> 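The structure follows.
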Amino acid sequence: MNPALDPDARADLMLHEMTLDEKIQLVHGIGWGVLRKGAYVPPEDIGGAGFVPGIPRLHLPDINLADSAVGVRMAALHGRYATALPSALGMSASWDPDAAFLYGSVIGRELRDQGFNMSIGGGMDLIREPRNGRNFEYSSEDPILAGNMIGQLARGVQSNQIMGDIKHYAFNDQETGRNTYNALIDERAARETDLLAFQIAIGIAHPAGVMCAYNRVNGDYSCENDFLLNKVLKHDWNFKGFVLSDWGGTHSTVKAALAGLDNDEPGDDNFFSGPLKEAVLSGQVPQSRLDDMVHRIVRSMFATGAIDHPPIPSVVDPFRGRDDAQHIEEESIVLLKNGALNNRAAILPLSASTPSIALIGGHADVGVLSGGGSSQVDPPGGNAVNPHPGSANWGEHVYLRSSPLHYIQQAAPNAHLTYDPGIDPAAAAKAASSAQIAIVFATQWESEGQDSATLSLPDKQDALIAAVAAANPNTIVVLETGNPVSMPWATNVKGILEAWFPGIGGAEALTNILFGRVNPSGKLPVTFPASDDQLPHPHVTGLTPRTGNNGADARTRGQQPRDFAVDYNVAGMAVGYRWFQEKNEQPLFPFGFGLSYTRFTYSNLHVTPDAKSVAFDLRNTGSRSGDEIAQVYVTLPASAGEPFRKLAAWKRISLAANATQHVEIPIDPLALSIYSINKSAWLRPSGDFLIEAGGSSADLPLHQSLHLSQ
Ligand code: BGC
């Protein structure tokens, strides 16, 4: 307990005092607890997704783990409160590392207030499959953006002396068949995409935990995958924390222990209880491996402060959480279209004296949509659409009580506002035709355990929008979606805003953007394809009408496990926008794209001769202050075999109207390198590099070629 010693020394001292049984007790959970009706819940378990009992005689506290991808889950179970943040994907559209840190801090703070000492959020899987039902819990299709944002998020969690986590390691990039599918990916492509994202985040945050995924990767389950766990994570990246299994993701005792799994969750399978003890006693698993598991867990508890600064339950500050959620959302909303096709007449921002506005669809009279699954946060007052006591049910479409109608009416006090539920296109068109402005709130609910079959908006909302747009030339579409969606009506509407799942401050943030009190600044962290057939997998692998919505747990839901491969080698390194370049396909909206109510121009690019940093001048040529997300892309020499530009760096910059700023951005050497399988290392190829800078992956006015030798 001497805080002057380093965490490893303290962990070793404690380990030395432990019996074999005490060690075994630390490397698994106690079962499904509150997650499953009828399961045992120990008295000290405070109602999170996981519980590992501590060792009181050694002053080692219990570990209480809570799902907290977009806020702390299941608060309602105990009459508690938690802030529902915007989706993590939305937050990533801010490209703001401070917003990511704040996001994690809100989660860490509220976990602490509720008595938890470990988060199991930190979703990181790369968006290879834009119909993946969990993308809203994740960050981006680009590894550098995702790695930096989720790294900052986990750092924010841990700044509250809460153990952080990053998940699901690795290639859990779709939900269909997630418990069994085999992700196929060559090592170089793996290292330069999904694994790079984890590598960056782990380097930034040094999280206590990394959660291994349900699926297999190149034949082995992620939680018994020697390559992923021992070689890449622990050896190559020097990860010092512990690997915990996704819930039910362990498949063996000896194989998993030897491959690098440190903690089996939730533990009801008993792989790491009695059978592990026997395996240690019989020598199948060396004592040193068990000690290493325990060391990793205990050192993480010391390193994060979970032992020296245990959480003291207190009242969550709902006002602070709501303000933080609103601020993050205001930075994350992406303005995709503003005006007619030729951009002549901007429709936004709306005037406060707009005489009449018809709001249509999306339950915009009462709330904003949230995503489902284990990331679901209970909103205050329950589901705005269907309130009921207790925690949200699995599969329930939960609307947070943040009413667009209410805030829009406040912003335009004299406007005549109407609301039409948008179920009948003809009725909606009629309502739209009698108002000056029509705003359609289009929703796409997404959840863990299922993928969308297509990029199309569900529930015939395309037809609804088309009907409204035909009835009112001033139609604006606000999207509350978990994923990119296709928009066959895009040319017929005047304004499009992507609000993601907006969080508990969502309606106010949206209103501030609609009325220009906040200048939109978010940019897409993911490509919006024009159609499904542009994708590497035009159809979600393994998804059939029969398996629709069943991606979840083959074992627990009594379905037969299905054995199929998801071939990520089809795109390989060319994930997202890189694929679109390689195939010369035009997306609907490109990666990095987003409009503002002002305009920015770029000039005077200068790249240092070693390419360690780039500089340019950014000017706000419009009449409003605003934030620009300036992006730098690199195309490697042809010998690298990567015929596409890759995001290398970016910076979010605030500029007053007419102001110019000289911007300097360092470039991560990883962005200039490839992973060499022969040398087992990142190497910078020699040859001609192209450096480009601008406001999106498809709009890069500045460029400079540069010859670099090794
Ligand atoms: C999810 C994890 C989650 C766990 C515990 C699993 O089904 O994949 O993300 O942390 O459940 O709720």
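The analysis underlying the following values was restricted to heavy atoms, covering all of them including side chains, and did not include hydrogens, waters or symmetry mates. Note that the structure is a prediction, hence the values are computed from the model and not measured. In listed order, ligands and their atoms are each counted from 1.
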> Carefully, step by step, assess Thr193 and Arg128 under the rule side-chain hydrogen bond (donor to acceptor under 3.5 Å, both in side chains).
CA-CA 10 Å; Thr193 58; Arg128 282 179 173 271; 2.8 Å; yes

> Which atoms of ligand 1 sit under 4.0 Å from any heavy atom of Tyr214?
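Numbered from 1, ligand 1 contributes 6 (C), 7 (O), 8 (O).
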
> One residue to check: Arg178. Relative to ligand 1, which of side chain, backbone, both or neither has a non-hydrogen atom less than 4.0 Å away?
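Within the 4.0 Å criterion, Arg178 contacts ligand 1 through side-chain atoms alone.
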
> At the 4.0 Å heavy-atom cut-off, does Arg73 count as touching ligand 1?
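Judged by the 4.0 Å heavy-atom criterion, Arg73 does count as contacting ligand 1.
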
> Just to be sure I read this right, does ligand 1 sit under 4.0 Å from the backbone of Met211, its side chain, both, or neither, counting only heavy atoms?
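Side chain only.
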
> Applying ring-ring contact (aromatic ring centres under 6.0 Å, His included) between His251 and each of Phe272, Tyr214, Tyr221, Phe271, report the one that passes.
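Going through Phe272, Tyr214, Tyr221, Phe271 one by one, the ring-ring contact (aromatic ring centres under 6.0 Å, His included) with His251 is satisfied by Tyr221 alone.
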
> Can you spot which of His168, Glu446, Gln174, Glu175 makes a side chain to side chain donor-acceptor pair (under 3.5 Å) with Arg134?
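That would be His168; it is the only one of His168, Glu446, Gln174, Glu175 passing the side chain to side chain donor-acceptor pair (under 3.5 Å) with Arg134.
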
> OH of Tyr568 to CG of Leu184: how many Å apart, nearest 0.5 Å?
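It is 10.0 Å, given to the nearest 0.5 Å.
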
> Are any of the heavy atoms in Asn172 under 4.0 Å away from ligand 1?
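Distance cut 4.0 Å: Asn172 fails for ligand 1.
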
> Among Glu448, Arg73, Glu137, which one satisfies side chain to side chain donor-acceptor pair (under 3.5 Å) with Ser374?
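Exactly one option meets the side chain to side chain donor-acceptor pair (under 3.5 Å) with Ser374, and it is Glu448.
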
> Closest approach of Asn383 and Pro379, non-hydrogen atoms and distance?
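Shortest heavy-atom contact: N-CG, 4.2 Å.
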
> Ring centroids only, cut at 6.0 angstrom: are Trp500 and Tyr138 within range, meaning strictly under it?
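Not under 6.0 Å, so no.
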
> Determine whether Asp226 and Lys231 satisfy the following criterion, salt bridge (charged side-chain N to carboxylate O under 4.0 Å, His left out), listing intermediate values before the conclusion.
CA-CA 6 Å; Asp226 179 69; Lys231 179 158 177 25; over 6 Å; no

> Look at atom 5 (C) of ligand 1 and say which protein heavy atom is nearest, naming residue and atom and giving the distance to 0.1 Å.
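Here the closest protein heavy atom is Asp67 OD2, 3.2 Å.
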
> Can you pull out the closest protein heavy atom to atom 9 (O) of ligand 1? Residue, atom name and distance to 0.1 Å, please.
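Looking at atom 9 (O) of ligand 1, the protein heavy atom closest to it is His168 NE2, 2.7 Å.
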
> Relative to the heavy atoms of Ala49, which atoms of ligand 1 are at a distance of less than 4.0 Å?
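Those qualifying, in numeric order: 5 (C), 12 (O).
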
> Looking at every heavy atom in both Thr541 and Phe564, which two are closest together, and how far apart are they?
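Nearest pair, atom of Thr541 first, then Phe564: O-CE1, 3.6 Å.
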
> Among all protein heavy atoms, pick out the one at the shortest distance from atom 4 (C) of ligand 1; state its residue, atom name and that distance to 0.1 Å.
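Of every protein heavy atom, Asp246 OD1, 3.5 Å lies nearest to atom 4 (C) of ligand 1.
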
> So that I can tick it off, tell me whether Asp451 and Arg178 are bridged by a salt bridge, with the cut-off set at under 4.0 angstrom between side-chain N and carboxylate O.
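Salt bridge absent between Arg178 and Asp451.
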
> Under 4.0 Å from a heavy atom of Lys167: give me the atoms of ligand 1 that qualify, with their elements.
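Per the distance check, 2 (C), 3 (C), 9 (O), 10 (O).
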
> Could you tell me which atoms of ligand 1, counted from 1 in the order shown, lie closer than 4.0 angstrom to a heavy atom of Leu35?
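Going through ligand 1 atom by atom, the ones under 4.0 Å from Leu35 are 12 (O).
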
> Answer yes or no for Arg134: is there a heavy-atom contact with ligand 1 below 4.0 Å?
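Judged by the 4.0 Å heavy-atom criterion, Arg134 does count as contacting ligand 1.
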
> Is any N or O atom of Trp247, backbone or side chain, closer than 3.5 Å to an N or O atom of ligand 1?
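Looking only at distances, the answer is no, because the N/O contact criterion of under 3.5 Å is not met.
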
> Looking at atom 7 (O) of ligand 1, what's its closest protein heavy atom, distance included?
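For this ligand atom, the closest protein heavy atom is Glu448 OE2, 2.7 Å.
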
> Just jot down the ligand 1 atoms closer than 4.0 angstrom to any heavy atom of Ile120, in number order.
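Going through ligand 1 atom by atom, the ones under 4.0 Å from Ile120 are 10 (O).
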
